[in-house]
2 protein chains.
Amino acid sequence: MTAAGDAEMVHGHLADLVREAILVGELEPGDRLVEADLAGRYGASRGAVRAALMELAHEGLVERLPNRGARVREVGLAEAIAITEVRLAVEALCAAKAAERVSDEQIAELRSLGRQMQTAVATGDVEVYSGLNQLLHRRIREISDQPVAAQVLSRLRAQNVRHQFALARRPGRVQVSLPEHLAIIDEICARSPGGAERAVRRHITSVLEELQRTAEEV
Amino acid sequence: MTAAGDAEMVHGHLADLVREAILVGELEPGDRLVEADLAGRYGASRGAVRAALMELAHEGLVERLPNRGARVREVGLAEAIAITEVRLAVEALCAAKAAERVSDEQIAELRSLGRQMQTAVATGDVEVYSGLNQLLHRRIREISDQPVAAQVLSRLRAQNVRHQFALARRPGRVQVSLPEHLAIIDEICARSPGGAERAVRRHITSVLEELQRTAEEV
DNA sequence: CTCCGATAGATTGTTGACAATCTCTTGGTT
DNA sequence: AACCAAGAGATTGTCAACAATCTATCGGAG
């Protein structure tokens, strides 16, 4: 019996498993990803692991140095800012399109989400708020019905999870974040594309400022 | 001697060769990409071809159906519009950042590019104009110094080359396009981020309208 | 004591063969 | 004539062994 548990053979795309392990924090930036190890751990062949690592490298989550193996990529602050800038641009587009296309049911859903976020902040439940936050952004993407933007965003978000997480835990962050999110919801529900775009811009701009603030706090 | 030429072993990343073949039009959408064929054609092993195809699939240029092989992906008009919408958002960001960072030498270079484009239009040389067009957009990306945006854009552009090409050849298109490009150059050279962003928005919006027009002309 | 080179171990890269899957053809049946 | 089933051929998916490369350790020379 090994300490890490038996080799569980899982065929649900190996890349998904490793990606999840990285996103959850089970694997940290800098950790080496040795093909043979992962093959044993997940009960897959080395070839499958190789393919999965190449996939994750293309997504920007993993770094592959020739003949030196793969490791979980470290996303520095400068790059995190660059990523967030692009996110700003694309999420603004999504919000505008969502405001054009949103249905009555979806308006009710978004409003409900907003109320849930308010109560989460009121009760100080940062975990729940963070989850609702992600859910809100995802629903906006879905409503916008812009698959290209959705794909770009999901990749950028994956690269940034670590910073996103650190940011959410900063004291006082939620108090700033909540009204911004509520404004986004209001504008989309008012079916105002321009307003929604501006609201998203304000929100992610404030995220950017927070990021730059952490940069100065070295 | 085979009709297709001898197997030339080239090690300059196989994916680049196939990508170029697709971008140039040597391989058309729908064409099957049989691993053994490509392996023979480029004098590489099947494993290398496999890796290259996976890479191109991640870039969105190739479609890989399980157990059915790969083919050059067909990008429909609806998707081309979606891609262009995202391009609009990200290129606007690039232009704004470029306007903030542009140096005096770069201003001279952009102005020179603008003059070359004018003469190309005056002499009716669409080929040259198209090349200068691409060069302009690339230089703006480089000046903006936003690697994340640059990577996103290069991928989106690759998926859209076919439509982009068809659009450039439409009669009267250059006459609309030229002043828009000159406006972008002017705003960047005036170091006006907001103006540059609006200029890019106007330009790509006009591209979008042209695309939608082709959609109606079925 | 430090620095340099050689050797051994570990890890990735590549190849060829085999297995699984799909497609197209062929022949029979209703 | 249309439809279905079976088989052959083609193509992709997987695997294990081998080669190439890198990293760490050890011994010797300055």
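Lettering of chains follows the sequences in order, A, B, ..., and the numbering in each one begins at 1. Owing to the predicted nature of the structure, the values given are computational and were not obtained by experimental measurement. Just so you know, these numbers use all the heavy atoms, side chains as well, and skip hydrogens, waters and symmetry mates.
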- Note on the structure: Rounded to whole Å, the CE-C1' distance (Met54(B) to dG13(D)) equals 11 Å

- Task: May I ask you to say what Gly47(A) touches in the nucleic acid, namely base, sugar-phosphate or nothing, with a heavy-atom cut-off under 4.0 Å?
- Result: nothing

- note: Asp37(B), atom CG; dA10(D), atom C1'; distance rounded to Å ~ 11 Å

- Starting at the 5' end of DNA chain D, which residue's closest nucleotide do you reach first, Ser45(A) or Pro66(A)? Ser45(A)

- Message: Between C1' on dT21(D) and CD on Glu35(A), what's the gap in Å once rounded to a whole number?
- Response: 13 Å

- Message: Within the 4.0 Å heavy-atom criterion, would you say Leu33(A) contacts the bases, only the backbone, or no part of the nucleic acid?
- Response: sugar-phosphate

- Report yes if the side chains of Gln151(A) and Arg155(A) come closer than 4.5 Å at any heavy-atom pair, otherwise no. no

- Task: Scan Glu59(A), Glu63(A), Gln159(A) and name whichever one has a side chain to side chain donor-acceptor pair (under 3.5 Å) with Arg73(A).
- Result: Gln159(A)

- Item | Rounded interatomic separation in angstrom, taking CZ from Arg71(B) and C1' from dT11(D) | 13 Å

- Message: Is there a side-chain contact between Arg68(B) and the phosphate of dT23(C), meaning an N or O under 4.0 Å from OP1 or OP2?
- Response: yes

- Given atom CZ of Arg64(A) and atom C1' of dC22(D), what is their separation to the nearest angstrom? 15 Å

- Task: Establish whether the base of dG13(C) is bridged to the side chain of Arg46(A) by a donor-acceptor pair shorter than 3.5 Å.
- Result: yes

- Task: Return the value, rounded to whole Å, for the distance between atom CG of Asn67(A) and atom C1' of dA10(C).
- Result: 13 Å

- Message: With heavy-atom distances below 4.5 Å as the criterion, would you say the side chains of Leu88(B) and Val207(B) are in contact?
- Response: no

- Message: Can you tell whether the side chains of Glu197(A) and Arg201(B) come within less than 4.0 Å, N to carboxylate O?
- Response: yes

- Query: Nearest-Å distance, CG (Leu65(A)) to C1' (dG13(C))?
  - Reply: 15 Å

- Query: When the distance from CZ of Arg50(B) to P of dG13(C) is rounded to whole Å, what number comes out?
  - Reply: 17 Å

